[in-house]
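All values below were derived from every heavy atom in this structure, side-chain atoms included, with hydrogens, water molecules and symmetry-related copies excluded.
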Amino acid sequence: MDLDQLRMAMAFKAAEEAYSQDEVPVGAVIFAGDELVAKAWNQRETLQDPTAHAEILAITQAASALETWRLEGCTMYVTLEPCAMCAGALVLARLDRVVYGADDPKAGACGSVIDVLGCEKLNHHVELTKGVMADECGAILTDFFRKKRNDRNIRNN
């Protein structure tokens with residue numbers, strides 16, 4: 001297992017924590033060099049906050065840990081392709097690199113629906129690596145939403 005896979009496995013553990021809390025299972029970790037400075041998962045339901053995506057929470061944690069909003073030298077590992085809000089936050093936080101697992105064909109903003117990170121007009125550019133542990137990262141989401149649909153069907157019958 002290479003370094004990206006090892007670190008994505010940590011993000012995946014965070015996604016499993018989200019799943020256990022009945023949150024959409026997306027997890028994120030941020031490393032400053034070799035130091036883990038943030039670990040978060042989606043908490044929109046828990047916090048009743050539409051911005052409580054794993055990426056946003058991880059950025060906030062990392063900025064606090066490093067005592068700066070400029071996360072230069074940092075890499076985020078996230079299990080799902082960031083949405084437009086999160087991709088914008090990654091640019092604004094000045095992360096060096098983002099590594100994600102599964103593509104998001106409905107809301108992905110790193111090339112699937114739109115490409116915020118690839119926008120040449122922005123003042124900061126984030127290096128992108130796609131598809132690390134994509135199968136595992138996609139499978140947990142598929143399982144979560146299948147379970148949600150089944151639960152909804154049982155309640156409606």
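Not a single donor-acceptor pair under 3.5 Å links the side chain of E136 to the backbone N or O of F12. Judged by distance alone, the side chain of D96 and the main-chain N or O of G73 form a donor-acceptor pair under 3.5 Å. Listed for the T60 side chain is a donor-acceptor partner under 3.5 Å among the backbone atoms of I56. With hydrogens and angles ignored, the 3.5 Å screen pairs no side-chain donor or acceptor of N42 with any backbone N or O of R44. Of the possible donor and acceptor atoms, none in the side chain of E23 sits under 3.5 Å from a partner among the backbone N and O of W41. In this structure, the side chain of Q61 engages the main chain of K39 through a donor-acceptor pair within 3.5 Å.
Residues V29 and M76 form no side-chain contact, since every pair of their non-hydrogen atoms from C-beta on lies 4.5 Å or further apart. Side-chain contact between V78 and V99 is absent, with no heavy atoms from C-beta onward closer than 4.5 Å. Put simply, the side chain of M10 reaches to within 4.5 Å of the side chain of F31, judged on heavy atoms. Put simply, the side chain of M8 reaches to within 4.5 Å of the side chain of C137, judged on heavy atoms. Contact annotation: the side chain of T51 approaches that of M85 to within less than 4.5 Å [non-hydrogen atoms, C-beta and beyond]. Proximity of H125 to E120: side-chain heavy atoms (C-beta onward) are separated by under 4.5 Å at one or more points. For the pair T46 and Q21, the minimum side-chain heavy-atom distance is below 4.5 Å.
One distance of note links CG of D104 with CG of L141; it measures 8.5 Å at 0.5 Å rounding. A distance of 5.5 Å separates CG of L95 from CG of L90, quoted to the nearest 0.5 Å. We find the NZ-CG distance between K130 and L117 to be 9.0 Å, quoted to the nearest 0.5 Å. Note that CD1 of I140 and CG of D135 are 13.5 Å apart. Values are rounded to the nearest 0.5 Å.
The pair D143-K148 does not count as a salt bridge, with every side-chain nitrogen at least 4.0 angstrom from each carboxylate oxygen. The pair R7-D34 meets the salt-bridge criterion, since a charged nitrogen lies less than 4.0 angstrom from a carboxylate oxygen.
Using modelled atom types and a 3.5 Å distance limit, the side chains of Y100 and D103 yield a donor-acceptor pair.
Annotation: ring pair (Phe, Tyr, Trp, His ring centres under 6.0 Å) contacts involving residues 48-96, sequence neighbours excluded, are absent.
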